[in-house]
*Asks:* 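Can you read through this structure? Questions will come right after.
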Amino acid sequence: VPFHYYGIKDSLLSYADDESGEGIRRIIQQIASDTHCEFVKEQIEKYRPTNGKLKCVGFCRTVEHARLMSENMSKLGYVCEYLSGDNSTGERIKAFSDLQDESNPLSIIFAVDILNEGIDVPSMNMVLFLRPTESSTIFIQQLGRGLRKYQGKSFLTVLDFIANSYRRSVQIAIGLGSLGRSGTVDKATARDAISNDYKSMVPPGVEIHFDKESKEEILKSIDSSNFNRKEFLKQDYQNSKRYLKLKPGEY
């Protein structure tokens with residue numbers, strides 16, 4: 001199905017120095033705040049499907065991130081679960097089955113590092129990107145989890161929360177650009193595409209929208225990035241490997 005993508009500026013979070021253990025803990029505290037969860041709820045309600053049940057998957061950074069999102073969004077009225085690599089295959093299958101069951105109240109699953117393994121949720125109608133886009137490859141892979149056709153599903157809604165000091169936001173531009181007819185994108189094309197919400201690049205039915213602040217953040221990232229194809233592919237590979245937590249010799 002087509003997708004409707006919304007790049008949403010998340011001024012409540014900052015990814016500055018997010019690689020350190022202390023930085024990650026600080027971000028998790030920001031994410032867990034009542035104010036931030038209220039903001040996420042506001043965006044879900046603004047864009048949620050108007051017909052049928054909300055069937056949403058939120059991609060998180062750590063198990064603790066997923067757990068806190070599940071707990072705090074539950075307090076705001078959603079029935080939530082969180083899943084990680086610690087859950088058995090049976091537990092995952094049951095959760096995704098409950099999410100797709102119209103009579104089951106489960107409406108959001110917060111997941112970390114598991115939906116890259118081929119699990120199918122064809123009726124999923126909303127995706128939340130709640131972590132930095134480490135890699136354009138992973139970005140497209142996770143986006144693709146929600147694009148399966150399903151009766152009564154005309155499009156997938158994608159909410160991408162783009163925080164302050166987001167140095168890797170250029171990966172969003174590259175990932176979305178790869179969906180165009182050429183499959184590749186250079187710096188000038190990426191700038192033009194972001195500025196014009198990809199209107200001349202994306203397939204029919206696809207909509208891409210960035211709010212003003214997100215657009216400025218990504219354009220700044222594009223301007224400071226090296227778009228050399230070989231170097232970009234190398235960096236994307238390294239980011240993908242780190243995201244998947246592969247150890248030397250396991251790739």
*Asks:* Please indicate whether Y5 has more than 12 foreign heavy atoms, meaning atoms of other residues, nucleotides or ligands, lying under 6.0 Å from its OH.
*Replies:*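 Counting neighbours around OH of Y5, more than 12 heavy atoms of other residues, nucleotides or ligands fall under 6.0 Å, so yes.
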
*Asks:* If every non-hydrogen atom of L54 is compared with every non-hydrogen atom of R48, which pair is closest and at what distance?
*Replies:* CB-NH2, 3.2 Å

*Asks:* Does any pair with a residue in residues 31-44 pass side-chain hydrogen bond (donor to acceptor under 3.5 Å, both in side chains), and if so which ones, sequence neighbours excluded?
*Replies:* D10-H36

*Asks:* Considering only heavy atoms from C-beta outward, does the side chain of V40 approach that of Y78 to under 4.5 Å?
*Replies:*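 SC-SC contact between V40 and Y78 ruled out.
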
*Asks:* Using the rule given for salt bridge (charged side-chain N to carboxylate O under 4.0 Å, His left out), can you reason through K75 versus E71, listing the C-alpha separation, both sets of side-chain angles and the distance that settles it, and then say yes or no?
*Replies:* CA-CA 7 Å; K75 294 174 185 176; E71 290 180 359; 5.7 Å; no

*Asks:* Rounded to the nearest 0.5 Å, what separation is found between the CG atom of N196 and the CD1 atom of I208?
*Replies:*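 Atom-to-atom, N196:CG and I208:CD1 are 12.0 Å apart.
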
*Asks:* Counting distance only, does the side-chain N/O of R92 pair as donor-acceptor with the main-chain N or O of N87 below 3.5 Å?
*Replies:* yes

*Asks:* With clusters defined by side-chain heavy atoms of hydrophobic residues (ILVMFWY) lying less than 4.5 Å apart, directly or transitively, does I140 cluster with M124?
*Replies:* yes

*Asks:* Of all the heavy-atom pairs spanning L147 and F3, show the shortest one and how long it is.
*Replies:*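 Nearest pair, atom of L147 first, then F3: CD2-CB, 3.9 Å.
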
*Asks:* So which atom in C80 and which in F110 form the shortest heavy-atom distance, rounded to 0.1 Å?
*Replies:* SG-CE1, 4.0 Å

*Asks:* Let me confirm one number: the CZ-CD1 distance from R191 to I218, rounded to the nearest 0.5 Å.
*Replies:*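 Here the interatomic distance stands at 11.5 Å.
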
*Asks:* Distance from I162 atom CD1 to E213 atom CD, nearest 0.5 Å?
*Replies:*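 If we round to the nearest 0.5 Å, I162:CD1 and E213:CD are 10.5 Å apart.
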
*Asks:* Could you check whether any side-chain N or O of S97 sits under 3.5 Å from a backbone N or O of I93, counting only pairs where one atom can act as donor and the other as acceptor?
*Replies:*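 It does not hold such a pair.
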
*Asks:* Find out whether I108 and M126 are in side-chain contact, i.e. whether some heavy atom of one side chain is under 4.5 Å from a heavy atom of the other.
*Replies:* no

*Asks:* Rounded to the nearest 0.5 Å, what's the gap from OG on S214 to CG on L219? Could you check?
*Replies:* 10.5 Å

*Asks:* Taking the side chain from S74 and the backbone from S70, do they hold a donor-acceptor pair closer than 3.5 Å?
*Replies:*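 Yes.
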
*Asks:* Please name the pair of heavy atoms, one in K53 and one in L99, separated by the smallest distance, quoted to 0.1 Å.
*Replies:*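 That closest heavy-atom pairing would be NZ-O, 3.0 Å.
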
*Asks:* Is V79 reachable from V121 through a run of hydrophobic residues whose side-chain heavy atoms are each under 4.5 Å from the next?
*Replies:* yes

*Asks:* Does K212 have any salt bridge (Lys or Arg N to Asp or Glu O under 4.0 Å) partners at least two apart in sequence or in another chain, and if so, which?
*Replies:* E216

*Asks:* Could you please spell out the steps behind the side chain to side chain contact (heavy atoms under 4.5 Å, CB included) verdict for Y82 and L68?
*Replies:* CA-CA 9 Å; Y82 71 96; L68 288 170; over 6 Å; no

*Asks:* Please report the closest heavy-atom contact between F96 and I109, naming both atoms and the distance.
*Replies:*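 Distance-wise, the nearest heavy atoms are CD2-CD1, 3.6 Å.
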
*Asks:* Which distance, rounded to the nearest 0.5 Å, do you find between the CD of Q100 and the CG of N125?
*Replies:*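 Here the interatomic distance stands at 10.0 Å.
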
*Asks:* Under a 4.5 Å cut-off applied to non-hydrogen side-chain atoms, are D160 and F210 in contact?
*Replies:* no

*Asks:* Using the test salt bridge (Lys or Arg N to Asp or Glu O under 4.0 Å), find all partners of D101 that sit at least two apart in sequence or belong to another chain.
*Replies:* none

*Asks:* Do L76 and I44 share a hydrophobic cluster (ILVMFWY, side-chain heavy atoms under 4.5 Å, transitive)?
*Replies:* yes

*Asks:* So which heavy atom on G146 is nearest to which on V1, and how close?
*Replies:* O-CG2, 4.3 Å

*Asks:* Do the ring planes of F155 and H4 sit parallel (below 30°), tilted (30 to 60°) or perpendicular (above 60°)?
*Replies:* parallel

*Asks:* Are H65 and L130 packed together at the side-chain level, in the sense that at least one heavy-atom pair is separated by less than 4.5 angstrom?
*Replies:* yes

*Asks:* Can you say whether the rings of F129 and F59 are parallel (under 30°), tilted (30 to 60°) or perpendicular (over 60°)?
*Replies:* parallel

*Asks:* How far does NZ of K94 sit from CD of E81, to the nearest 0.5 angstrom?
*Replies:* 6.5 Å

